[in-house]
Amino acid sequence: MRHLIDPMDLSVEEIDKILNLADDIIANPVKYQDACAHKKLATLFFEPSTRTRLSFEAAMMELGGNVLGFSSADSSSATKGESVSDTVKVVSCYADIIAMRHPKEGAPCLAAMKSDAPIINAGDGGHNHPTQTLTDLLTIRREKGRLDNLTIGCCGDLKFGRTVHSLIKAMSRYANIHFIMISPEELEIPEYLKQEVFEQGGLDYEQVRTIDEVIDRLDVLYMTRVQRERFFNEADYVRLKDTYILNMKKLKKAKKDLSILHPLPRVNEISVDVDNDPRACYFRQALNGKYVRMALILTMLGIDR
Ligand code: NCD
């Protein structure tokens, strides 16, 4: 039994297969509509979510399967003091596969040790978010036609933003990728990732403080929200929250084929006037999230069509 806890749990070949399967699902949805008949997905969300949970549930429904679960820790026995391990041990008797989100880094990994069903990490604290990364890879591949030879700007909260942490790990395995990390000094990518991914991993990167100084060089701009819930004090959040606001004026110098991604939810960091620009991919990206999760569920349950 395999779990998906970290994006590096999947090889490049496995990721390729999942993305190819997602492309096929998009092209031939009817072929897959009963593929998960009589299978159940449990979504255990100890932390808020809109896209991730609902796209997982929609994915399982479109595969003809069923879903059960909870959308907040408040409505689970966590409020009675039950451990994550016990919760998962029990839920794995009821479901064939489990998607789990938790505010504590490492919680899904711990859960996987006890589970009798495959666990998918749907976000653990400021750590990883591998299914968002699959969504991002599918989006980049569909928009740009490739996953190599790209200059990718990541902008915003690179310290707490788990989607960026997982994305840089996954992208480190493709050829000729250059990352430009755009953040205030206080929200730079954590030191352990600088070491692991950029320095030891040999991934090319630079750090800058403004979008303006690099926008003309980017193939992909990955915007992120400042992660309010992970700040130690509100004053720091208020000071940093509007550091970057992407608008049409800022895009003047950008390439004509730039792809603007955002895992969403957006707060202020992309002005709504950008939404109508063809380079804005974030709503297509959210839709891709459903298809890639369909592909992932099929793959992890070993269902072949
Ligand atoms: C992201 C997350 O939960 O990390 N959202 C998502 O899953 N699409 C990004 C965020 O919350 O800022």
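Each ligand, and each atom within it, is numbered from 1 in the order the structure gives.
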Under the rule for ring-ring contact (aromatic ring centres under 6.0 Å, His included), what residues qualify as partners of Tyr244, not counting sequence neighbours? none
Members other than Met1 in its cluster, when Ile, Leu, Val, Met, Phe, Trp, Tyr link by side-chain heavy atoms under 4.5 Å? none
Treating Asn20 as the side-chain partner and Asp16 as the backbone partner, does any N or O pair qualify as donor plus acceptor under 3.5 Å? yes
According to the interplanar angle, ranging from 0 to 90°, do the rings of Phe231 and Phe160 count as parallel (below 30°), tilted (30 to 60°) or perpendicular (above 60°)? tilted
Close residues (non-hydrogen atom under 4.0 angstrom from ligand 1) work out to Thr52, Arg101, His129, Gln132, Arg162, Thr163, Arg225, Gln227, Pro263, Leu264, Pro265
Report the residues that fulfil side-chain contact (heavy atoms from CB on, under 4.5 Å) with Pro190, sequence neighbours left out, ordered by chain and then residue number. His165, Tyr192, Leu193
Give a yes or no on this: more than 12 heavy atoms of other residues, nucleotides or ligands lie within 6.0 Å of atom CZ of Phe283. yes
